[in-house]
Amino acid sequence: MSQQPSEEAEELTPNDRQRQLIDSTEGIYLVDAGPGTGKTFAVTRRYANIIDQPAVDPEDVLLVTFTRSAATEMKERIVDHADYSMRQLADAPIQTFHSHCHDILREHGHAAPSHLGLDGRITGSTQVIEDELVETKLFREFFDQFRDDHPEYADFYRALSTPTELLELVGELAAKGVFPTAEGWYRDGEAILDGDFAAFKERFDAVNQPRNGGSKQSQLRDGLSRFGRNKTYLPDAPSKSDLRGSRGTKQLDDAVARDVFEEDRTDLKAFVHDLYFEYLAFALQRNYLNFGFLQLFAFVCLCENPQLREKARFEYVMVDEFQDTSEIQFKLALLLAGTDNLCVVGDWKQSIYSFQYADVDNIIEFRDRLASFAADLNSDADRVDFDMDAIERIPLEENYRSTQTLIDISEEALVTPATSSEEVDTSILDDVVNLNSNAPFDNTTLAGYQHEDDHEAVLSLVQDIVGNDDYAVRGDDGSRRPPRYEDIAVFTRTRDFGRELMDIAAVYDFPIAYDGGVELFRTDPAKLLLAWLRILDSDADRGWAVVLEQAGYTLDEVDHILETGDYPETMRTFRDGLDSMAAVGAIARRVFDRYGCDGDYADVILHTIQAIHDSTTLTRGELIQFIERGIEAGATHEIHTSAGEDSVTVQTIHAAKGLEYPIVILANMNDGRFPPSSGNSPTISYQDPVGLRQRKLYAEIDDHAHPHVYHNWRYDVLRKCLPREYDEERRLLYVAITRAENHAFFVGGDDPNTFLEELPVALDQIDPVVEAVDREATAQAELPFAVRTPDGPIGHTPHSLMDDSVFDDAGESREVSADPDGEARGIDFGSRVHDFAEAYALGEDVSPSNEHERRIVDLLDGLSGELHVEEPVVLPLDVDGERVTISGIADLVHVTADTVEIIDYKTDRTRHAQPEYRKQLSVYYHVLSEWFDGCRVNAAIFYTSNGNREPIEPLSLADLRAVVRSQMPS
DNA sequence: CCGATAAACCTTTTT
DNA sequence: GGTTTATCGG
């Protein structure tokens with residue numbers, strides 16, 4: 001284990017640089033130092049040093065940490081070295097920004113909303129919403145109301161893929177310090193939304209330089225070689241050749257920069273403003289705040305109230321993990337600093353939380369940002385009044401964790417190309433302080449392995465490592481000893497891979513524990529609870545099927561019982577007992593009791609239900625909906641399992657931050673790119689430095705007067721000027737490697753990614769042979785994971801009947817990919833959505849209980865001639881007595897008294913003229929014909945591009961049946 | 001070197 | 001549906 005920042009810290013002596021940081025308590029200090037250099041160790045000692053001064057009390061010192069658990073750990077370490085007890089430090093401000101903001105608001109926040117022109121008040125009873133799902137639910141409720149109140153923004157609603165993207169936008173703006181007021185925007189908020197042309201122009205110029213000494217076109221011009229392809233722009237867009245110049249032109253005209261930047265965004269800003277402001281009002285009225293709003297209101301009242309500022313200030317401010325702070329947090333730190341005794345500690349190379357609004361420039365550009373943020377804050381009042389010219393940088397160059405070989409390879413990772421064509425700027429290595437290892441010996445192994453069974457390869461590697469003297473690690477006394485299971489950590493980028501690995505490890509009885517977030521609603525206790533709720537709700541087959549299967553009934557028996565409704569007596573009695581209970585929490589507890597679910601999962605589920613129950617009233621139907629959404633969204637909850645005595649740890653790289661292990665296996669370096677393709681961007685987003693932009697537009701110009709979604713050509717050009725950087729992916733790799741003390745292994749599958757090939761590491765083949773582990777002999781820990789039962793043939797098991805995500809996944813993957821073994825399965829049997837649509841269409845007494853069903857209702861209720869745009873459509877069709885369901889999104893469904901028209905616009909000729917898409921259209925066509933008997937049904941797919949429309953013909957019913965039949969499982 | 005086409009891919013997580 | 005890389009032909 002590491003020598004310095006460990007539990008037995010009292011025996012350790014700081015090195016000279018650390019001593020300098022610990023002793024220099026007055027003035028501004030920046031420590032931007034690598035992993036294992038004892039930053040946290042030094043901060044802890046520094047804090048102890050400060051509070052041991054007679055004139056200083058703990059309440060004079062603010063120490064900010066990244067997580068609550070880090071705060072607790074910090075306190076424990078301080079107690080060891082200061083003349084204070086844990087009890088005396090209990091209320092000391094050693095906490096996260098969020099919880100400190102919460103404290104400020106609880107005490108002084110009553111009037112904070114009024115500074116923005118909001119009516120509400122923040123009181124001691126105002127709740128902080130911690131659960132993302134809970135907030136999503138509340139936001140949806142708000143948005144439904146907002147949509148009704150503001151029909152003038154209809155064009156924006158149409159372009160959205162989901163309302164949740166607006167919630168994300170609000171969160172991002174709050175982290176950037178952009179707040180709405182009753183009149184407009186707070187302070188310089190609007191300027192930030194407008195963007196910064198000069199800063200943009202720099203980025204534009206950087207990518208618009210001809211390459212290879214002028215012989216090769218610029219990266220930007222190259223990037224626009226497919227401008228307008230597969231897209232439709234409004235007529236004001238320039239043609240591709242207007243934009244790029246004629247063949248042989250090497251760069252874009254300077255005027256283009258001005259043209260793309262300047263766009264009338266008045267309406268967009270008005271929409272975002274009203275949405276943001278009214279959501280704040282909604283939250284206050286419902287008496288809750290989210291994490292972002294905590295910081296927002298704390299910032300506002302500190303800004304507006306000089307007396308409070310005076311009161312809230314600290315004599316000393318220290319921030320750990322500074323690379324993970326956001327812009328608003330940097331500014332909060334300045335407002336809270338009463339003197340220039342400011343100390344920030346971090347490592348720019350370990351900034352991997354940009355999705356959480358962390359801004360790595362806070363640490364890289366510390367000096368400039370400090371000056372410019374202070375100037376912003378001081379523009380109209382003296383808010384930050386200490387001298388900030390003297391900034392002392394303290395380098396820490398001694399690494400107490402890893403061997404020199406590991407340190408060197410980790411730095412290589414920072415300049416390893418992420419794709420075969422990427423040109424990495426190696427000059428960043430100039431900013432890397434080369435660390436010196438003080439490991440007592442360096443027997444480092446660095447190896448890469450590649451095998452198609454990469455899960456097995458990982459386990460096989462673990463087997464090979466444990467007890468093997470070739471991979472000796474450092475014992476507590478510094479001597480060599482053979483490795484144990486507990487010395488090894490397996491890091492993955494995705495939880496999914498970790499869970500798969502756990503499943504396979506379970507087969508071999510491997511001593512292995514997963515640490516981190518779990519998709520709670522996809523666990524067995526949640527599924528059982530959902531099943532019983534559905535039974536209570538409507539005696540639903542999907543509920544009974546699960547319960548019966550769980551009780552051991554065979555599929556045939558289940559079928560029979562469902563058909564006859566002859567449920568076992570004990571189950572009926574249990575149901576009736578549940579039915580008499582009012583509170584959903586009590587129902588859940590009773591269900592878990594019945595099945596003996598007393599583990600971590602059940603606890604967290606109960607806790608979650610309790611949490612939503614506290615903030616909203618919760619009926620059974622709403623709980624069903626909540627769990628269904630949780631399943632759909634893959635919502636995760638942290639599970640704290642006791643790690644066990646001697647077991648391998650599996651965790652995501654993100655979760656491993658701050659930890660260290662003798663041996664690290666970086667798994668899952670396969671399946672194409674380690675840096676994933678960027679995927680779908682939100683329709684409305686904020687991006688530095690171009691400000692607030694809209695990706696898609698909505699307008700009505702079409703020969704047939706059909707509305708259509710258009711792309712924003714300016715946005716398409718703008719984002720090519722801000723090319724995707726893989727720096728954060730490299731930093732992720734860096735973080736993973738630097739967790740290791742002694743050995744690092746990299747394992748990839750069939751198709752290894754570029755990192756695995758480009759890292760200067762020996763790449764070997766591995767022949768995975770995994771043997772069952774004798775757990776008696778090794779005294780294993782309990783597996784924290786239940787082994788998942790295989791899903792079986794999709795569409796047939798009760799589990800798949802009730803699990804919407806299975807239905808969705810299945811529908812998607814099977815729709816587009818032909819099974820290589822020729823066993824194509826193109827059929828979805830019995831989805832609940834299907835049943836609902838059918839029942840509703842037949843006029844039965846049913847009401848919608850989820851998003852899909854509401855949309856079906858919208859679709860069918862549209863007979864008056866309403867126009868529905870971008871509506872998901874789920875339609876059933878019988879083929880040879882088998883039910884076929886197809887789901888998708890049609891661009892336009894137009895229903896009048898005597899016609900039904902459905903139109904799907906496609907943009908990609910090479911893909912969308914394929915039979916699969918024609919089949920999709922054909923199903924729409926024939927089903928609508930059945931539903932709307934007597935109506936004239938038109939259905940069409942158009943290939944559209946720059947105003948052209950080419951119809952794609954549907955299949956005849958006979959051809960459709962043939963296609964569907966050929967895809968059925970035999 | 002440039003443009004067109006085909007094919008593969010689709011996170012991470014804390015407050 | 002959208003984005004990115006690989007590949008091929010001129």
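All values below come from the heavy atoms of this structure, side chains included, with hydrogens, waters and symmetry mates left out. Bear in mind the structure is a predicted one, so any value in this text is a computation, not a measurement. Convention: sequence-line order gives letters A, B, ...; per-chain numbering from 1.
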For atom [atom1] of [X] and atom [atom2] of [N], their distance in whole Å:
X	N	atom1	atom2	value
A:Tyr357	B:dT15	OH	P	15 Å
A:His654	B:dT12	NE2	P	9 Å
A:Gln219	C:dT4	CD	P	11 Å
A:Arg68	B:dT14	CZ	C1'	9 Å
A:Asn668	B:dT12	CG	P	10 Å
A:Glu729	B:dT12	CD	C1'	9 Å
A:Glu168	B:dT11	CD	P	14 Å
A:Asn290	B:dT13	CG	P	21 Å

Any A:His711 side-chain nitrogen or oxygen under 4.0 Å from OP1 or OP2 of C:dG1
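Result: no.
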
Would you say C:dT5 has OP1 or OP2 under 4.0 Å from some side-chain N or O of A:Tyr726?
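Answer yes for this pair, as a side-chain N or O of A:Tyr726 is under 4.0 Å from OP1 or OP2.
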
Give, for atom CZ of A:Phe66 and atom NE2 of A:His98, the distance between the pair rounded to the nearest 0.5 Å.
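Nearest 0.5 Å value for the CZ-NE2 distance: 9.5 Å.
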
Look at A:Lys657 together with A:Asp324 and state whether they make a salt bridge at an N to O cut-off of under 4.0 Å.
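A salt bridge links A:Lys657 with A:Asp324.
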
By nearest heavy atom, map A:Ser99 and A:Thr494 onto DNA chain B; which one lands nearer the 5' end?
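Its nucleotide being nearer the 5' end, the pick is A:Thr494.
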
Ring centre gap for [X] and [Y] strictly below 6.0 Å:
X	Y	result
A:His654	A:Phe355	yes
A:Phe322	A:Phe330	yes
A:Phe299	A:Phe297	no

By salt bridge (charged side-chain N to carboxylate O under 4.0 Å, His left out), which residues pair with A:Arg244, not counting sequence neighbours?
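Testing A:Arg244 for salt bridge (charged side-chain N to carboxylate O under 4.0 Å, His left out), a comparison that skips the adjacent residues, returns none.
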
Between B:dT12 and C:dG2, how far apart are the two P atoms, rounded to whole Å?
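My reading of the P atoms in B:dT12 and C:dG2 gives 23 Å.
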
Test for a donor-acceptor pair under 3.5 Å between the base of B:dT14 and the side chain of A:Gln356, counting only N and O atoms.
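Donor-acceptor pair under 3.5 Å: yes.
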
base_contact_polar (B:dT12 base, A:Arg493 side chain, donor-acceptor, <3.5 Å)
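Not at all, since no donor on one side and acceptor on the other fall under 3.5 Å apart.
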
Just call it for A:Phe66: base, sugar-phosphate, or nothing, with non-hydrogen atoms closer than 4.0 Å on any strand.
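Sugar-phosphate contact only.
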
By side chain to side chain contact (heavy atoms under 4.5 Å, CB included), which residues pair with A:Ala237, not counting sequence neighbours?
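Side chain to side chain contact (heavy atoms under 4.5 Å, CB included) list for A:Ala237, sorted by chain: A:Tyr233, A:Trp713.
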
So which protein nitrogen or oxygen atoms get under 3.5 Å of nucleotides 1-4 of chain B's nitrogens or oxygens?
residue: B:dC1; atom: OP1; partner: A:Asn212; partner atom: ND2; Å: 2.2
residue: B:dC2; atom: OP1; partner: A:Gln217; partner atom: N; Å: 2.9
residue: B:dC2; atom: OP1; partner: A:Lys250; partner atom: NZ; Å: 3.0
residue: B:dC2; atom: OP2; partner: A:Gln217; partner atom: N; Å: 3.4
residue: B:dG3; atom: OP2; partner: A:Gln217; partner atom: NE2; Å: 3.2
residue: B:dG3; atom: OP2; partner: A:Arg244; partner atom: NH2; Å: 3.1
residue: B:dA4; atom: OP2; partner: A:Lys240; partner atom: NZ; Å: 3.2

